[in-house]
Amino acid sequence: MHLISIPDKDQILIYSMEYQFRSIEKKWQDHWKQTNAYKVPNVSAKPKFYVLDMFPYPSGAGLHVGHPLGYIASDIFSRFKRLKGFNVLHPMGYDAFGLPAEQYAIEHGIHPAVSTDQNINNFRKQLDNIGFCFDWDREVRTCEPGYYKWTQWIFLQLFNSWFNRDTQKATPIAELVKLFEEKGSQSSSVKSSAYSFTATEWKSFDAEKQQTILMEYRLAYCGYGEVNWCEALGTVLANDEVVNGVSERGGHPVVKKKLRQWYLRITEYADRLIEGLDRIEFSDAMKEMQTNWIGKSYGAEIDFEVKSEKSKVKNLRVYTTRPDTIFGVDFMVIAPELDIIDDIKSAEQATAVDDYLAYVKSRSDRERMAEKKISGVFSGAYALNPFNGQEIPIWISEYVLAGYGTGAIMAVPCGDERDHKFAQHFSIPITNIIGKHYDGVEANPTKDAILENSDFLNGMVMRDAIGVVIDKLEQKGIGTRKVNYKMRDAAFSRQRYWGEPFPIKWKNGVAYPLSENELPLQLPYVDSYKPGPEGEGPLANIPEWVAKELETNTMPGYAGSSWYFLRYMDPHNDKAFCDRSVSDYWGQVDIYIGGTEHAVGHLLYSRMWTKALYDLGFIGHDEPYKKLVNQGMIQGSSRFVYRINGTNTFVSKGLLKDQLVDQIHVDVNFVDGYELDMNAFKQWRNKEYAAAEFILEDGKYICGSETEKMSKGKYNTVNPDLLVDKFGADTFRMYEMFLGPVEISKPWDTKGIEGVHRFLKKFWRLFYDELKGKVWNDDKATDAEWKVLHKTIKKIEEDTERFSFNTAVSAFMICVNELADLKCNKKEILQPLVVLLTPYAPHISEELWTLLGNEGSVLDAAYPVFEAKYLVESTKEYPISVNGKLRTTIDISLELTQPEVEAIVLGNEVVQKWLEGKMPKKIIFVKGKMVNVVI
RNA sequence: GCGCAUGUGGCGUAAUUGGUAGCCGCGCCAGACUUAGGAUCUGGUGGAGUGAUCCGUGGGGGUUCGAGUCCCUCCAUGCGCACCA
């Protein structure tokens, strides 16, 4: 009999040889806690490795089985790196500011700080269950003053900096002031703005004017932007909260309203954000998404003279990437939002234009986006082609966006699909400038056609004409070469309570930063979360706050998450956001794990903040994440019952015929596979279905199933706590990995977890048998056993290194199956396996490690070293194909040459049968792989 | 509409470089042990056929001695979006 001791206050002894996962896991979790097993030092002789998870927003719903997927993957990798001799930083924290907590506060009157705290405690309990190796001493919460003090501090650095176009770097604003004092606004390092002045003029400006000008350059700046304003609710709504043009709650109308907003000048970093992608390991898909989002394009801005009845507007400026098509312009299109519309519309078209604008205003962005049908209206005005004076009608249509370029395009139907459809729809005549390349049916966006009908460009290849046209436009002073970006500056303020306050005071319309020693500017306690007047945030309702002339907006969710990876390095520092020597030690995040939904938001913002902090000398690297791994979503597998319409009778799935039935979601937690637990169902939802009657097949009620998003409303969420309780954390961890590749989305299936649990039990039985007790021994291993071990070492090491955890779990299973077949209970084979298993199933590994008589923790054991000599083979079972179809296999020595192999193959009776006496045309022999006989 | 991703047994998946398709697990079938099994163990399990064989990686086409893998095209599903000129 073997003995498991549980180091409790009242120590109890359990005599057992079974795999007692509950006591084992509790014992070691307590032990690791007491011994600070996961504490990570900032000073170490070991090489560093930084593994980071995207930290969670602590929602009230708690964790479901989809959440820990990435955490388990990163935990396995962290433990693996630790065994390999690295000092591994693997922290966790909470992205704790956010809208849901505030919404909950509005509805239930519970302060966001309170509910957030409760949610965090709940999350923590659930996370601890799974046995992660997080260093909890480094936990951060973005909503704590000790944290957001530094979020505010970094904001001030951005506020006090501008982007020097010459050096392409964030630079203290004082240097810009100096530049203005010396040279005025004319300098290559200064971007163009609405203001142009000499040094003398600058000095003559009053402070207010100077500040207004500086605001044009600050990396964090104040401007005006449109928001979703809901008059009835008196508040600004997020895009999420607007459905079909009305508020999600209450269905009140939502309109665009211009409000003062903070922005981050991320557009200045566009080129560096593109360039940086070459130096980091993100998936090609992710890089592509970021590149598309930034959307750099080369083109020209061209001014077209406008001819309208009122003659109020002289020019229409358009942006185009294809100035070479200027003679193919058949109409212009301007965005419905443009102010000039009023001034150019003709009397005849006025009603039609107004109607169209009203129509557009009634439509949400979403509708406009998904719209396939073509709409638009002629304005009644014309633009003149600058080269030949031809009149071009100006149209208004929602397919042109006000926010991009100049909000106006020159439409070339023969070369652009959307323009083409528009022209066809409104019967606008189409000019063909590319001859046979345009078939009259579909536009052709080629750049390689030779231009026709194009005046001085005739005979030129389009690609070459682009530069020629721009040069000519520039000579004439009616156009300029222009690089454009789709990306816009990031809106950085919210009219909400539960976020970081801005460390900004307003005096006479000028924003002044608080000084560093006034930080943190604490979020004041409030009783009401109602919006302030005129769309301002709830802080505007606090008299003391307003009296101090403090900014009433708060920062958005992504403020805290844009730099948290730095705070983990030095979380308790109250002198700096992170000591430079510490960030120099840890450097970049080596592996960052999270979902693709952050592809263009968080991942771009945090890259920008990192670059700015780098420019200003606060950290030594300008890309936060060296490598990114995207985890897939775990989908829910919903279960349904079928109730015959108007009755209380439920029909089993297999017996469904033509009856009209209601398909009803049932809670997956009382369905075993597909079989419904009818009693549990009757008790469900306060016995709503207590009177249910069932039509069964083979005495069972079989449910229907569908794969959907995992969510409470679909009753398909599965709580990890239940599974850990039933099967143990080790089983749960391995099963989540066994489900499939980390980066692929797949449905959850609770049923399969038993297979992994069986595996761990089988593994345990190699050491301890239910009847015989200890079965492991010190016998010498055979060649076959060594081979199994080293094959496994190789596979596990390679798979873990490349994040292929599902195949690694499978390799463990194969190994245990083979050792069981060999009846191998030998310590010299089993002990290295225990170490290999440690990252995946740390609890059982630590237990067996101790039981094998080892001192110290398995967490720091030496990782087994693969030796190729155990895997050397002398023969190979070759697949023999005839004309590419497998016909047989033959064991052939690996030493033989091609002619020798050919002789063996041709002598084989199966091959001879297929040859039918003919001579093969050729024999393909790939040594160590296969043989193919071609007849 | 645009962008990205994914399609392999009843299910989750495997096949690392173009070289034996279906490893491992679930489920299912049969059996052993058992008072019993939702425990454990053993064997079987892509489809058709008595069989030799044939068919099979979303559909169609192509390249190749050989294609799940490469190319073209179509279809379906999921996710994202700011119709990006």
Side-chain angles (χ1 to χ4, degrees), chain A residues 239 283-286 288-289 291-293 295 297 299 318-322 325 333 365-366 368-374 397-406 408-412 415-419 421 445 484-488 595-597 599-600 630 632-633 635 637 672-674 705 707 709 735 738-741 743-756 758-759 761-762 765 770 795 798-799 802 804 806-807 809-814 817 820 877-889 913 920-924 926 928-935:
Chain A
N239 282 332
S283 68
D284 288 345
M286 183 66 57
E288 204 167 329
M289 274 191 261
T291 307
N292 288 345
W293 185 265
S297 66
V318 305
Y319 174 71
T320 179
T321 53
R322 297 296 302 274
T325 60
V333 188
D365 287 353
R366 266 303 141 81
R368 279 178 68 174
M369 212 185 326
E371 186 58 82
K372 288 171 197 162
K373 129 180 147 232
I374 295 153
S397 174
E398 60 179 353
Y399 85 88
V400 170
L401 300 180
Y404 183 69
T406 60
I409 63 163
M410 51 180 232
V412 183
D416 181 280
E417 194 49 46
R418 275 192 324 268
D419 297 346
K421 288 204 171 114
N484 231 332
Y485 301 92
K486 278 192 288 186
M487 183 171 65
R488 301 198 280 266
T596 44
E597 65 269 27
V600 288
N630 289 119
M633 232 192 333
Q635 294 147 325
S637 184
D672 180 24
Y674 297 95
S705 74
T707 299
K709 206 174 157 157
Y735 184 56
F738 186 63
L739 229 39
E743 60 274 14
I744 302 293
S745 294
K746 58 251 160 188
W748 177 262
D749 171 26
T750 298
K751 198 82 184 161
I753 197 170
E754 289 169 21
V756 173
R758 261 173 227 146
F759 152 74
K761 284 198 278 193
K762 196 167 178 180
R765 279 201 304 275
E770 206 170 326
K795 178 83 176 146
E798 285 173 0
D799 284 356
R802 68 188 172 102
S804 181
N806 56 325
T807 53
V809 174
S810 153
F812 277 122
M813 289 173 170
I814 292 166
N817 289 346
E877 187 193 11
Y878 277 92
I880 311 299
S881 301
V882 177
N883 282 343
K885 288 198 177 192
L886 180 74
R887 294 306 177 188
T888 188
T889 60
K913 192 190 109 188
K921 279 198 195 119
K922 133 163 93 152
I923 297 176
I924 315 263
V926 182
K929 289 270 184 192
M930 46 67 69
V931 180
N932 187 17
V933 181
V934 184
I935 302 174

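Per chain, numbering begins at 1; letters A, B, ... match sequence-line order. These numbers were taken from a predicted model, which means no experiment stands behind them.
Using a 4.0 Å heavy-atom distance criterion, K913(A) is classed as a sugar-phosphate-only contact. Here M410(A) lies out of heavy-atom contact (under 4.0 Å) with every strand. Heavy atoms of I814(A) sit under 4.0 angstrom from primed sugar atoms or phosphate atoms, though from no base atom. Across all strands shown, K921(A) has no heavy atoms under 4.0 Å from either base or sugar-phosphate atoms. Within 4.0 Å of S881(A), counting heavy atoms only, lies no atom of the nucleic acid at all. Looking at heavy-atom distances under 4.0 Å, K486(A) makes contact with a base. Residue-level contact check: N817(A) touches the backbone only, with heavy atoms under 4.0 Å from sugar-phosphate atoms and none from bases. If you check every strand for non-hydrogen atoms under 4.0 Å, E877(A) touches a base.
In the model, N292(A) has no side-chain atom that pairs as donor or acceptor with a side-chain atom of K486(A) under 3.5 Å. D419(A) and Y399(A) form a side-chain donor-acceptor contact under 3.5 Å, judged by distance and modelled atom types alone.
Listed candidates were C83(B), A39(B), G78(B). Nearest to the side chain of K761(A) is A39(B). When the nucleotides A82(B), C4(B), C24(B) are ranked by their closest atom to the side chain of A285(A), C4(B) comes out on top. Side-chain proximity of T807(A) to C84(B), A14(B), G12(B): nearest is A14(B). Nearest to the side-chain atoms of W293(A) among the listed nucleotides G19(B), A14(B), A82(B) stands A82(B). For F738(A), taking side-chain heavy atoms from C-beta onward, the closest of the listed nucleotides A85(B), C24(B), C41(B) is C24(B).
Taking atom P on both G78(B) and C83(B), the two are 22 Å apart, rounded to the nearest angstrom. Spacing of P atoms, G61(B) relative to G56(B), comes out at 11 Å, to the nearest Å. With P as the reference atom, C28(B) and A39(B) are 11 Å apart, rounded to whole Å. Atom name P, nucleotides G59(B) and C75(B): the rounded distance is 15 Å, in whole Å.
Nearest heavy atom pair, residue P879(A) against residue K929(A), reads CD-O, 3.2 Å.
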